[in-house]
Amino acid sequence: MDTVGFLVTGHVPAFEGMPHYNTDGDGGAHLYLPWWLWDHHDKLGFPRGYHSELGGGYPMPQVGTFHQAASRYGFGLDSKKKIRAEYGCTVSFSGRGEMIPNEHSYCEIDPNVVDKWGIPVLRFHFKRSDHEWKLARHMERTYTDIIETMGGRVLPLSPTAREASGMTIPGTLKHEVGTTRMGNEARSSVVNSFCQTHEVPNLFVCDGGPLVSSPDKNPTHTINALSWRASDYMAEEMRKGAI
């Protein structure tokens, strides 16, 4: 499973004329808005939710900063004036939503393909459900409303993003989890609550595999906590001679 992402960027004329200053610095930090409609799911039409990451400012221009500049600004002195006026006047809202497990997303042993050592490889199946599409549309409407309420206008999506209706292509957010889901029964899960496989007692899966859904938060801390818990359990089982 993969986190659902959606990006909306808008130009806000009210920001024009503000003093320019360099906002480059240590990367990785951003404003973060947690999910605020956790008690309104009976009206939303989809379970769980998403968080929002806000962007903007005056970073160093890069390749693509003024995308489609010729069609938007023209050429010559007039284009330079427009680019300078609009530089730093955009705001972006990037949504990160939870994907709900579905029967169409799973992996299996490929019956035909093997690696260079002759070992069969995994074959992955993936499909978004109606939950994710509704969640992404909610992101789009929410961010559009915010930008337009600010007096701005939403900038068009790139052709690639437009083809995917703005939703991120599976795997691009790099927070994939699942495939060895945690549960109480071997019939419906791979590992128990200690990340120990049901069928092989001395095999533990301590990564993102045991997570049963892909939350909108980064899963690293949860993975660390489950690994620590599994390690304590494993040490005690070894002490008793159970494994």
Side-chain angles (χ1 to χ4, degrees), residues 1-6 34-35 37-39 41-42 44-51 53 95-115 119-139 164 167-238 240 242-243:
M1 294 169 290
D2 182 39
T3 306
V4 180
F6 197 95
W35 181 233
L37 295 175
W38 58 270
D39 57 345
H41 284 287
D42 56 330
L44 295 176
F46 59 87
R48 306 305 174 94
Y50 57 90
H51 76 255
E53 300 174 10
R96 298 287 184 266
E98 179 165 357
M99 179 181 175
I100 305 302
N102 64 71
E103 61 182 2
H104 303 291
S105 299
Y106 62 95
C107 69
E108 62 181 347
I109 301 297
D110 196 300
N112 303 312
V113 181
V114 297
D115 62 18
I119 301 174
V121 301
L122 283 178
R123 179 168 64 179
F124 288 89
H125 302 263
F126 188 94
K127 184 178 181 180
R128 297 288 193 197
S129 71
D130 195 44
H131 297 311
E132 287 77 60
W133 288 107
K134 288 181 178 179
L135 182 143
R137 295 286 79 79
H138 190 275
M139 292 182 188
M167 193 188 300
T168 50
I169 298 172
T172 56
L173 291 184
K174 300 178 178 64
H175 291 308
E176 298 91 344
V177 300
T179 71
T180 55
R181 70 190 304 267
M182 181 183 290
N184 294 325
E185 300 178 359
R187 180 182 61 82
S188 57
S189 62
V190 178
V191 301
N192 61 20
S193 61
F194 296 100
C195 299
Q196 180 184 32
T197 57
H198 293 297
E199 298 182 359
V200 184
N202 67 336
L203 175 61
F204 290 75
V205 182
C206 296
D207 57 11
L211 274 67
V212 296
S213 70
S214 178
D216 66 279
K217 286 81 175 175
N218 296 356
T220 306
H221 287 169
T222 303
I223 293 171
N224 289 342
L226 291 175
S227 298
W228 190 338
R229 184 170 187 268
S231 298
D232 286 343
Y233 172 79
M234 187 190 310
E236 179 62 21
E237 291 296 287
M238 292 177 66
K240 295 187 301 185
I243 57 175

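Numbering starts at 1 and runs along the sequence shown.
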Close side-chain approach of R96 to Y50, heavy-atom, < 4.5 Å: no
Distance (rounded to the nearest 0.5 Å) between H198 NE2 and R187 CZ: 11.0 Å
H104 (side chain) donor-acceptor with F126 (main chain) under 3.5 angstrom: no
Within-4.5 Å side-chain heavy-atom neighbours: D232 and W228: yes
Least distance between heavy atoms, F46 atom then H131 atom: CB-O, 3.9 Å
Listed partners of V121 passing side chain to side chain contact (heavy atoms under 4.5 Å, CB included), at least two apart: D110, V113, D115
R137 side chain reached by F6 side chain, heavy atoms, under 4.5 Å: yes
Heavy-atom check, side chain of V4 versus side chain of L135, under 4.5 Å: yes
W35 and H138 aromatic ring geometry - parallel, tilted or perpendicular at 30°/60° bounds: perpendicular
N192 side-chain N/O to F194 backbone N/O, donor-acceptor pair under 3.5 Å: yes
Flag if over 12 foreign heavy atoms under 6.0 Å of CZ, R181: yes
Reported CZ-to-OG1 distance for the pair F204 and T180, which is rounded to 0.5 angstrom: 13.5 Å
Check: F124 and E176 side chains under 4.5 Å, non-hydrogen atoms: no
Under 3.5 Å side-chain donor-acceptor pair for S105 and H125: no
Heavy-atom closest contact (D216 atom, T3 atom, distance): CA-CG2, 4.4 Å
Shortest non-hydrogen contact from P210 toward V191: CB-CG2, 3.9 Å
E108 vs Y106 side-chain heavy atoms within contact, under 4.5 Å: yes
S213 versus E98, closest heavy-atom pair with distance: OG-OE2, 2.7 Å
H51 vs E53 side-chain heavy atoms within contact, under 4.5 Å: yes
Atom pair OG/CD1 of S214 and I100 - distance to nearest 0.5 Å: 9.5 Å
P120 versus I109, closest heavy-atom pair with distance: CB-CG2, 3.5 Å
Check: S129 main-chain N/O paired with E132 side-chain donor or acceptor under 3.5 Å: yes
Qualifying residues under side chain to side chain contact (heavy atoms under 4.5 Å, CB included), relative to L226, sequence neighbours excluded: M182, C195, L211, T222
Heavy-atom side-chain contact between D2 and R128 under 4.5 Å: yes
From CA spacing to verdict: side chain to side chain contact (heavy atoms under 4.5 Å, CB included), I243, M234: CA-CA 8 Å; I243 57 175; M234 187 190 310; 3.9 Å; yes
Exercise: identify the closest heavy-atom pair between N184 and S189: N-OG, 3.9 Å
